[in-house]
Amino acid sequence: MATYVFIDQNIPLVYTVETGVITKGFGDLLFVDVSPIEEQIKKLETLVDAYEHSLDPRYPPLNSFPNRDGVYAISGYFKSAFFGFWIGLGIMALLAIILGVKF
Amino acid sequence: MGVEVSNKPNVSSIQSYVEDLEYKVGLITRNRGLESGTESAGTKGLIIGVVSAIVLMGIPLALYFLMK
């Protein structure tokens with residue numbers, strides 16, 4: 001817990017002992033600029049949106065280069081096509097053997 | 001002398017935590033994105049692969065039987 005020291009009752013400044021920073025205050029109230037906290041909250045909201053968008057392959061990855069929409073869908077096609085290609089080759093090889101093709 | 005006057009909160013610890021969380025979320029969302037892409041395009045991709053294999057091997061097979 002931080003320790004505050006009032007510089008003067010009439011001057012709205014408070015001295016923080018641990019950090020050596022004088023902060024604006026008024027009586028028992030401190031006036032704090034919350035914009036840095038809002039920036040961090042916006043970053044957290046971005047991360048939450050990234051979690052939500054990860055379930056839809058049409059969205060780009062987090063922190064990616066521009067024009068990367070649909071990259072997951074395209075990768076899905078390639079992965080499935082790889083396995084399908086080998087399955088098809090196996091089926092055609094069996095068909096060739098059954099039809100009596102001499103190798 | 002040299003005393004800093006500020007009314008902004010110290011968010012260094014929160015910032016470091018958010019940066020670490022951003023890295024972890026990036027890894028997890030990329031993995032989940034790939035899984036969702038595979039699930040959404042699995043059937044179509046499989047059909048594309050099978051058709052490609054049939055075309056690549058079926059044409060020589062057909063020519064073999066025609067020339068036989």
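For clarity, every value in this text was computed on a predicted model and none was experimentally measured. Numbered from 1 within each chain, the chains take letters A, B, ... in sequence-line order.
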Check for me, please, whether B/V55 and B/L63 land in the same ILVMFWY cluster - side-chain distances under 4.5 Å, paths through other members count. yes

Could you check whether any side-chain N or O of B/S36 sits under 3.5 Å from a backbone N or O of A/S54, counting only pairs where one atom can act as donor and the other as acceptor? yes

If I compare all heavy atoms of A/A73 with all of B/A41, which pair ends up nearest, and what's the gap? O-CB, 3.9 Å

Out of curiosity, A/F82 CZ to B/S52 OG, how far, rounded to the nearest 0.5 Å? 13.0 Å

Membership question, hydrophobic clusters at under 4.5 Å side-chain separation (ILVMFWY): are A/M92 and A/F85 in the same one? yes

Atom group of B/L61 that falls short of 4.5 Å from chain A, counting heavy atoms: side chain

Enter the distance from A/K79:NZ to B/E39:CD here, rounded to the nearest 0.5 Å. 9.5 Å

Determine the option with the most heavy-atom pairs under 4.5 angstrom with chain B, choosing from A/G88, A/S64, A/A81. A/A81

For B/V25 and A/L47, work out which heavy atoms get closest and say how close. CG1-O, 3.9 Å

Using the rule that two of Ile, Leu, Val, Met, Phe, Trp, Tyr join whenever any of their side-chain heavy atoms come within less than 4.5 Å, decide whether A/F83 and B/L56 are in one cluster. yes

Of the backbone (N, CA, C, O) and the side chain (C-beta and beyond), which part of A/S35 lies under 4.5 Å from a heavy atom of chain B, both, or neither? side chain

So do B/L21 and A/L44 actually touch side chain to side chain, heavy atoms under 4.5 Å? yes

Counting C-beta onward and ignoring hydrogens, is there a side-chain heavy-atom pair between A/S75 and B/L34 closer than 4.5 Å? yes

Roughly how far apart are A/I87 CD1 and B/I54 CD1, rounded to 0.5 Å? 11.5 Å

Which of A/P57, A/G76, A/S80, A/G90 touches chain B most, by non-hydrogen pairs under 4.5 Å: A/S80

Output the distance between atom CG (A/L62) and atom CD (B/E22), rounded to the nearest 0.5 Å. 6.0 Å

According to a 4.5 Å side-chain heavy-atom criterion applied to Ile, Leu, Val, Met, Phe, Trp and Tyr, with indirect links allowed, do A/Y59 and A/Y51 form part of one hydrophobic cluster? no

Around atom CG of A/N67, are there more than 12 heavy atoms from other residues, nucleotides or ligands closer than 6.0 Å? no

Is the number of heavy atoms from other residues, nucleotides or ligands within 6.0 Å of CZ (A/R68) greater than 12? yes

With rounding to the nearest 0.5 angstrom, report the CD to CD distance, B/Q15 to A/E39. 8.5 Å

Honestly, the part of A/L99 sitting under 4.5 Å from a heavy atom of chain B is both

Minimum heavy-atom distance B/T29-A/Y72, with the two atoms named: O-OH, 4.1 Å

OG1 of B/T38 to CZ of A/F78: how many Å apart, nearest 0.5 Å? 12.5 Å

Applying the 4.5 Å side-chain criterion to the ILVMFWY set and letting contacts propagate, would B/Y23 and B/I28 be lumped into a single cluster? no

Can you confirm whether A/L89 sits close enough to B/M57 that some side-chain heavy atom of one is under 4.5 Å from a side-chain heavy atom of the other? yes

